[in-house]
Amino acid sequence: MRRFALLLLAGASSLVAASPRTLGAQGFGVYEHGTCAMGRAGVTAARPCNDGSAIFFNPAGLAGFSGNHASAAVTASAGKGGFTDDFLNHRTDLDNPVIPVPNVYVTHQFTEKLTVGLGAYAPYGLETKWPLAGFEGRFMAYNTDVRSIYIQPTFGYQVSPALKLGMGIAYITSHLELHQRQDLSRQVIPAALAVPAGLPAGTTFGAIGVPNLTDFADAALDASGTGFAVNFGGIIKVNDRLTIGGHWLTRKHITYDGDAVFEQVATGLVVPDTIGACPACILPGTPVDAVLGPQFTGGSLVDGAVSTALVMPPQGTLGFAYKISDSWSFMADWQYVVWGWFSEVNIDFENPATPDLVLHPSNQDTHGFRFGTEYQYSPKVQLRGGYLYHGGASPDNFVTPLLPEGPRNEFTIGAGIEMTPKLHVDLAYQYIKQNDRRGTVNTAFGNTGLYQFSANLFGLGLSYTF
């Protein structure tokens with residue numbers, strides 16, 4: 001312990017803003033972009049809803065959408081879950097708030113064949129929040145917030161009685177916040193200081209007596225970026241009962257610019273022995289926080305500009321809609337998201353003392369299967385229901401507190417109600433049951449516990465014809 005304080009002088013130098021480290025290895029898709037569609041499990045490729053949400057689900061669906069329409073909807077997602085570690089069987093619950101996901105669409109029919117629209121929706125985003133107290137995963141991430149809004153002018157054109165085409169160009173505005181604590185005991189002591197102190201290179205601060213799970217810094221990244229993507233699709237009418245359709249939303253590599261902020265966290269430790277030659281020595285009882293403090297004013301933990309990049313991956317659907325009778329329809333979609341485009345993530349810090357990071361995520365593409373039905377119960381009431389399954393983007397060896405996602409089964413019900421000839425209300429409920437999945441709170445030790453997650457989603461939408 002005699003060299004304890006001398007080695008602490010370099011402790012903070014090993015902290016970089018690692019909070020984005022796992023982001024690229026997670027899927028963060030959002031698929032509820034209209035309450036009508038939500039009620040039938042998002043099955044819309046061949047038969048989009050009449051609320052303008054075709055702007056996202058399949059732009060070709062705007063063709064033949066007569067009149068002028070405006071719709072607005074919000075989905076409230078109430079998720080719950082937690083992590084149970086293998087060693088103490090201790091469970092930490094998520095501390096997520098209720099998350100609202102809005103969408104807005106406006107459409108206008110110019111001619112019998114041409115309809116245009118403008119929509120705003122959020123196909124990618126997440127928020128995960130864990131309590132700081134007692135959760136070891138806070139050293140990977142305790143709060144992550146990614147929001148990407150797509151604002152998309154769109155047209156749909158009726159090429160022939162059997163063929164509709166559509167396309168939109170989406171302007172993307174995206175914002176991310178990432179928060180992480182740093183554990184002093186896990187930091188490697190720089191060799192230039194470890195060797196003169198008689199310690200081999202690679203020695204951690206934990207090896208010289210710093211207790212495990214010692215918070216000494218809080219790292220936060222706040223950044224924004226913009227870009228453009230193309231959304232296009234088509235619908236083929238095979239006969240009076242069967243239609244086939246699909247759409248594709250292109251990928252976009254978005255560069256984020258913002259700030260990295262480092263705050264010192266009190267360790268409560270003191271120097272045990274005299275360090276160095278007096279009168280310039282560090283005396284016993286000196287707070288370790290005072291020894292570390294200069295790193296936050298002139299070292300690698302100085303606030304500064306940071307830039308990084310994320311890929312908003314391409315995604316598409318292909319499906320069919322079949323009219324069983326005049327009042328009852330059945331629909332099914334296959335959805336494909338190319339999460340594998342996350343091949344490299346660079347994190348660049350303006351502060352030369354803070355090392356840049358080059359990350360190599362290992363996402364895997366996901367497939368989703370959706371089944372929905374719609375029944376015209378009365379002239380003013382439609383009933384809906386559906387089921388969907390989709391896989392997880394995170395590989396088995398990298399399921400983390402940032403987004404402990406996995407394969408999911410989801411069940412939906414909904415209703416559409418005509419309040420007046422011009423005003424239509426949609427309601428929907430969705431239950432998400434994610435498969436329990438083993439994961440980690442520290443990649444150095446592999447998967448050491450079980451993540452569990454489920455959610456209740458409630459949707460409300462209003463559509464107005466004018």
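We count residues from 1, following the sequence as given.
- Checking each of F56, W334, Y336 against H247 for a ring-ring contact (aromatic ring centres under 6.0 Å, His included) leaves exactly one that passes, namely F56.
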**Study point:** Residues Y375, S327; criterion side-chain hydrogen bond (donor to acceptor under 3.5 Å, both in side chains); working and verdict
**Key:** CA-CA 6 Å; Y375 178 69; S327 59; 4.6 Å; no

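- For Q180 (side chain) and F139 (main-chain N/O), a donor-acceptor pair under 3.5 Å exists by modelled atom type.
- For the residue pair Y142 / D218, a side-chain donor-acceptor distance below 3.5 Å is found, with atom types taken as modelled.
- Contact annotation: the side chain of N50 never approaches that of H424 to less than 4.5 Å [non-hydrogen atoms, C-beta and beyond].
- The aromatic rings of F110 and H108 sit perpendicular, their planes meeting at an angle over 60°, well past the 30° parallel limit.
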Practice item. Evaluate the side-chain contact (heavy atoms from CB on, under 4.5 Å) criterion for residues C49 and R40: first the C-alpha distance (whole Å), next the side-chain angles of each, then the deciding distance (0.1 Å), finally the verdict. Key: CA-CA 10 Å; C49 293; R40 42 160 123 146; 3.4 Å; yes

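- One side chain, D51 or S53, offers a donor N or O that lies under 3.5 Å from an acceptor on the other.
- Under the 3.5 Å distance criterion, with hydrogens and angles disregarded, a donor-acceptor pair is assigned to the side chains of T373 and W328.
- Counting all heavy atoms, side chain and backbone alike, L213 lies closest to R186 at CD2-NH2, 3.7 Å.
- Of the possible donor and acceptor atoms, one in the side chain of D356 sits under 3.5 Å from a partner among the backbone N and O of F349.
- A side-chain donor from one of T267 and D289 sits under 3.5 Å from a side-chain acceptor of the other.
- Open room surrounds CD1 on I169; 12 or fewer heavy atoms of other groups in view lie less than 6.0 Å from it.
- Atom CD in E374 sits 4.5 Å away from atom CZ in R384 (nearest 0.5 Å).
- For the 3.5 Å distance criterion, the side chains of E405 and Y451 fail to qualify, holding no donor opposite an acceptor.
- The residues D93 and R91 are annotated as salt-bridged, a charged nitrogen and a carboxylate oxygen being separated by less than 4.0 angstrom.
- No more than 12 heavy atoms of other residues, nucleotides or ligands sit less than 6.0 Å from atom NZ of K380.
- When each of K323, Q376, R47 is checked for a side chain to side chain donor-acceptor pair (under 3.5 Å) with S329, only R47 meets the rule.
- Between the side chain of D426 and the main chain of T35, no donor-acceptor pair closer than 3.5 Å is present.
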Exercise for review: Before giving the answer on side-chain contact (heavy atoms from CB on, under 4.5 Å), spell out for L184 and L292 the whole-Å C-alpha distance, their side-chain angles and the decisive distance to 0.1 Å.
Suggested key: CA-CA 11 Å; L184 186 58; L292 290 173; 4.2 Å; yes

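- How far CZ of F83 is from OG1 of T400: 10.5 Å, rounded to the nearest 0.5 Å.
- For F445, the CZ atom counts as loosely surrounded, since its 6.0 Å shell holds 12 or fewer non-hydrogen atoms of other residues, nucleotides or ligands.
- Nearest heavy-atom pair across Q430 and T412 is CG-CG2, 3.5 Å.
- For the residue pair R370 and Q335, a side-chain donor N or O sits within less than 3.5 Å of a side-chain acceptor on the partner.
- Residues V146 and L176 have side chains in contact (heavy-atom distance under 4.5 Å, counting atoms from C-beta outward).
- Counted by atom type alone, S463 and S71 present zero donor-acceptor pairs between their side chains at under 3.5 Å.
- The closest side-chain heavy-atom distance from Q182 to F216 is below 4.5 Å.
- Residues Y389 and F369 place their aromatic rings such that the two centres sit no closer than 6.0 Å.
- In this structure, F135 has its ring center under 6.0 Å from that of W130.
- Contact detail for H253 and A309: the closest heavy-atom pair is NE2-CB, 3.3 Å.
- Panel note: side chain K164, backbone A63; a donor-acceptor pair is recorded below 3.5 Å.
- Taken to the nearest 0.5 Å, the CG atom of D183 stands 6.0 Å off from the OG1 atom of T214.
- Donor-acceptor pairing under 3.5 Å is recorded for the side chains of N409 and Y387.
- Taking both residues in full, the closest heavy atoms of P313 and V338 are given as CB-O, 3.3 Å, listed atom of the first, atom of the second, then distance.
- Two residues are said to be in side-chain contact when any heavy atoms from C-beta on lie closer than 4.5 Å; Q152 and N231 meet this criterion.
- Side chain of N346 to main chain of S307: no donor-acceptor pair is present (N/O by atom type, distance under 3.5 Å, no hydrogens or angles).
- Ring-plane geometry between Y431 and F411 is classed as parallel, the angle between the planes falling under 30 degrees on a 0 to 90 degree scale with a further cut at 60.
- With contacts defined as side-chain heavy-atom distances shorter than 4.5 Å, the pair F57/T317 does not qualify.
- You'll find the side chain of L460 reaches within 4.5 Å of the side chain of V425, heavy atoms only.
- Counting heavy atoms from C-beta on, the side chains of I432 and L457 come closer than 4.5 Å.
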Practice item. Take E136 and T92 through the test side-chain contact (heavy atoms from CB on, under 4.5 Å) and record every step on the way to the result. Key: CA-CA 9 Å; E136 186 178 352; T92 303; over 6 Å; no

Practice item. For F155 and M167, run side-chain contact (heavy atoms from CB on, under 4.5 Å): C-alpha distance rounded to whole Å, both residues' side-chain angles, the deciding distance at 0.1 Å, then the answer. Key: CA-CA 6 Å; F155 77 89; M167 186 178 75; 3.8 Å; yes

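- Under 3.5 Å, the side chains of T465 and H69 contain a donor-acceptor pair of N or O atoms.
- Looking at every heavy atom in both residues, M312 comes nearest to Y150 through CB-OH, 3.3 Å.
- Rounding to the nearest 0.5 Å places CD1 of I254 at 5.5 Å from OG of S148.
- Taking CG from L221 and OG1 from T308, the interatomic distance works out to 7.0 Å, rounded to the nearest 0.5 Å.
- If you look at Y322 and F330, their ring centroids are not closer than 6.0 Å.
- Applying the 6.0 Å contact sphere to CG of D326 captures no more than 12 heavy atoms from other residues, nucleotides or ligands.
- Smallest separation of non-hydrogen atoms from A41 and F371: CB-O, 3.8 Å.
- Under the 3.5 Å distance criterion, the side-chain polar atoms of E263 are left unmatched by any main-chain donor or acceptor of F296.
- Donor-acceptor pairing under 3.5 Å is lacking for the side chains of R437 and Q452.
- Exactly one residue among L62, V43, N58 makes a side-chain contact (heavy atoms from CB on, under 4.5 Å) with P48. That residue is N58.
- Taking OG1 from T84 and CG from D436, the interatomic distance works out to 9.0 Å, rounded to the nearest 0.5 Å.
- Side-chain contact between I235 and I244 is absent, with no heavy-atom pair separated by less than 4.5 Å.
- The closest side-chain donor-acceptor pair between H179 and D145, if any, does not fall under 3.5 angstrom.
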